[in-house]
Amino acid sequence: MKILLIEDEVSLAAAILTFLKSESHVCEWVSDFPSAQEKISLYNYDCVLVDIMLPKGSGLQLVEQLKTQGSETGIIIISAKNALDDKVKGLDLGADDYLAKPFHLSELNARLKSVLRRRQFGGNREIHFGELKILPDSKEVWVGEHSIVMTRKEYDLLMYLIANPNRVLTKTAISEHLYGDQIDQTDSFDFLYSQVKNVRKKLTENGCPDYIQTVYGVGYKFTK
Amino acid sequence: MTLLSKATWLFFAACLIALIVSGIGGYVFLQKIMDEEATEQLAHEHQQVINFVEQTGVLPERWFSISDSLWAIPMQTVVPIQLFDTTLTNRAENESLMYRQLSFGIDTQLGYYQVNIRKALYKVHDLTKALLLAFSVLILLLVGILFWVNYSLSRNLWQPFYQTLAKLKTFKISEDEALHFAPTEIVEFKTLQTTLEQLTQKVRQDYISLKTFTENASHELQTPLAVIGANLEQLLQAANLTQTQVEQIDSLLDVVRRISKMNQALLLLTKIENRQYEAHESIDFSELVEDKLNLWEALIQHKGIKLTTHITPHVHIPINPFLADVLLNNLLNNAIKHNSKTGKIEVELTSQAFTVRNTGAPPTLPIEQLWERFSKDSIRNDSAGLGLALVKQICETNLFGYTYTFNDGWHTLKIVFNIY
């Protein structure tokens, strides 16, 4: 996928770029408003990651520009301004998602995949991972011919893991994704543990290999 | 007391004092004049008698042409001139009357006489009283008219002031529009309005720059934290890490998360203090509580906590929805976090109050300190101690009452919506 990153903080941009490239995306990066304007008017991207506070302009204006261009590009705002107004404004302007800094790269990845999936009209909307098959539209999980019934949280957990294969995902990152960042961490870790156990059990009982690998004391890794 | 009533009362008091003083003064003055007049008349008649005697050598026969009460008594010895007041009783009306009498001796051809001239003072007193009455009525009338004129005049004159005041009351620091007052002719009010306009303008500018500063400061802090977090996460993906290294990276990630959370909470506190979250409309608090409990129900069950709810449906509370969410998050989170194993939570919502009760160990802090920033239970080091400070700030901003009690192993946090 072709992605444009608009971010003025060099070291953060570098970390995101390395990560996106490791996910085999084609990625371009600009650090200020005028060059971002130029890029989005000249080229087409599958998704644009845009910071709100930029040198010489606001990211919100770029969102506006993309929308007036009638672009089909997915837009994710990444901002340190966790101001409610900006969030509402950004989504109103037509951004697909809003991510407040600091965020987990795996969270960005999950949101990015979800946005890209929504943008692929008419495409094959199935996710395959080994023996697993997921239909995101109907929220169905299949192992071979077996349909697996999951609770909403279990499904969300599986989706998050599958969006970030072969990565060590910390318990913090997963629980923030599932329960929001308002909930107390220590409480949710324990809960997360039992949910991971449930998912693992439901998958293996239906003949699926155990893809969820425990990284002791830290988190989990979804891998073949 | 309003300015108008204060001014009116002061004016009234001043009028009353002036009335009493001038009444007494007028009475004394009039009496003195009348008194002197009576004496003067007596002296005048005295002179007339002397003149008559000098011209004719005898006392006048027709006394009444000179005075109403005049008589002569033959005397053997010389008498001095005497002027004195005397009281006589009028038999017909049975009342004591005051008279002023002048007695003097005079030589005539018919011998030596004492002449007495008596004048009724009561007539003078009557006159004084009548005058005083007229005077009082006049003054009262005058005061009444002045009073009314002053009242209605003040009312009209101060009108721009009251309008300015009403306008000032609507001033909100977070509003984008500057204050504009109704124009007035009066220089003082014009000055007041200009000063207020400048002042509010300045306050708004300061507020905006402070707001921008806080947001920028938070931005400046969040971005480096994002860099640290992102890099640590990438580092965690390295293939050849030892278990110790993985755990070290994870604990660093946790610290980054905590700094970031604290920063966000402090920023939120500042924003609430700055009243950046105004309640524009009432929200269905019941629905919000239900939603929140549904979201956390699984977790509560997982912890083996028994949840009991008494939620009155459709309780509408004027509060910013974001703040309501923060408030609920903190209250419920506390109830879950500070609960005992297989404990209980009771959530009650009525149109007056929202109460969260939970079982748990007694607080290790004095109760009044619980609401302060960075005050936390010494056993738990995973929280920043900002939750209840946020609850307090939200309650104060929305004029809600808040109380915390601990009784028989139950923590009770109560938010009273309408404290008036």
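In what follows, every heavy atom counts, from backbone to side chain, and hydrogens, waters and symmetry copies are set aside.
- B:E297 pairs by the side chain to side chain contact (heavy atoms under 4.5 Å, CB included) definition with B:N294, B:Q301, not counting sequence neighbours.
- In summary, A:K89 and A:D92 do not engage in a salt bridge, as defined by a charged side-chain N under 4.0 Å from a carboxylate O.
- By the 30° and 60° cut-offs, the orientation of the rings of B:H302 relative to A:F191 is tilted.
- In terms of the side chain to side chain contact (heavy atoms under 4.5 Å, CB included) criterion, residue partners of B:E346 (sequence neighbours excluded) are, by chain and number, B:T308, B:R357, B:W410.
- Side-chain contact check for B:Y404 versus B:L388: every heavy-atom pair is 4.5 Å or farther apart.
- The environment of OH in A:Y193 is sparse: at most 12 heavy-atom neighbours from other residues, nucleotides or ligands sit within 6.0 Å.
- Using a 4.5 Å cut-off between non-hydrogen atoms, the part of residues 208-224 of chain A that approaches chain B consists of A:V215, A:Y216, A:G217, A:V218.
- For B:L253, the part sitting under 4.5 Å from any heavy atom of chain A is the side chain, from C-beta outward, and nothing else.
- Environment of NZ in A:K56: sparse, with no more than 12 heavy atoms of neighbouring residues, nucleotides or ligands closer than 6.0 Å.
- For the atom pair B:D284 CG and B:L288 CG, the distance stands at 8.5 Å (nearest 0.5 Å).
- Look at B:K292 and B:D325 and you find a salt bridge, because one of the NZ, NE, NH1 or NH2 atoms lies within 4.0 Å of a carboxylate O, short of that distance.
- Within residues 20-30 of chain A, no residue has any heavy atom closer than 4.5 Å to a heavy atom of chain B.
- Heavy-atom distances place the side chain of B:Q243, and not its backbone, under 4.5 Å from chain A.
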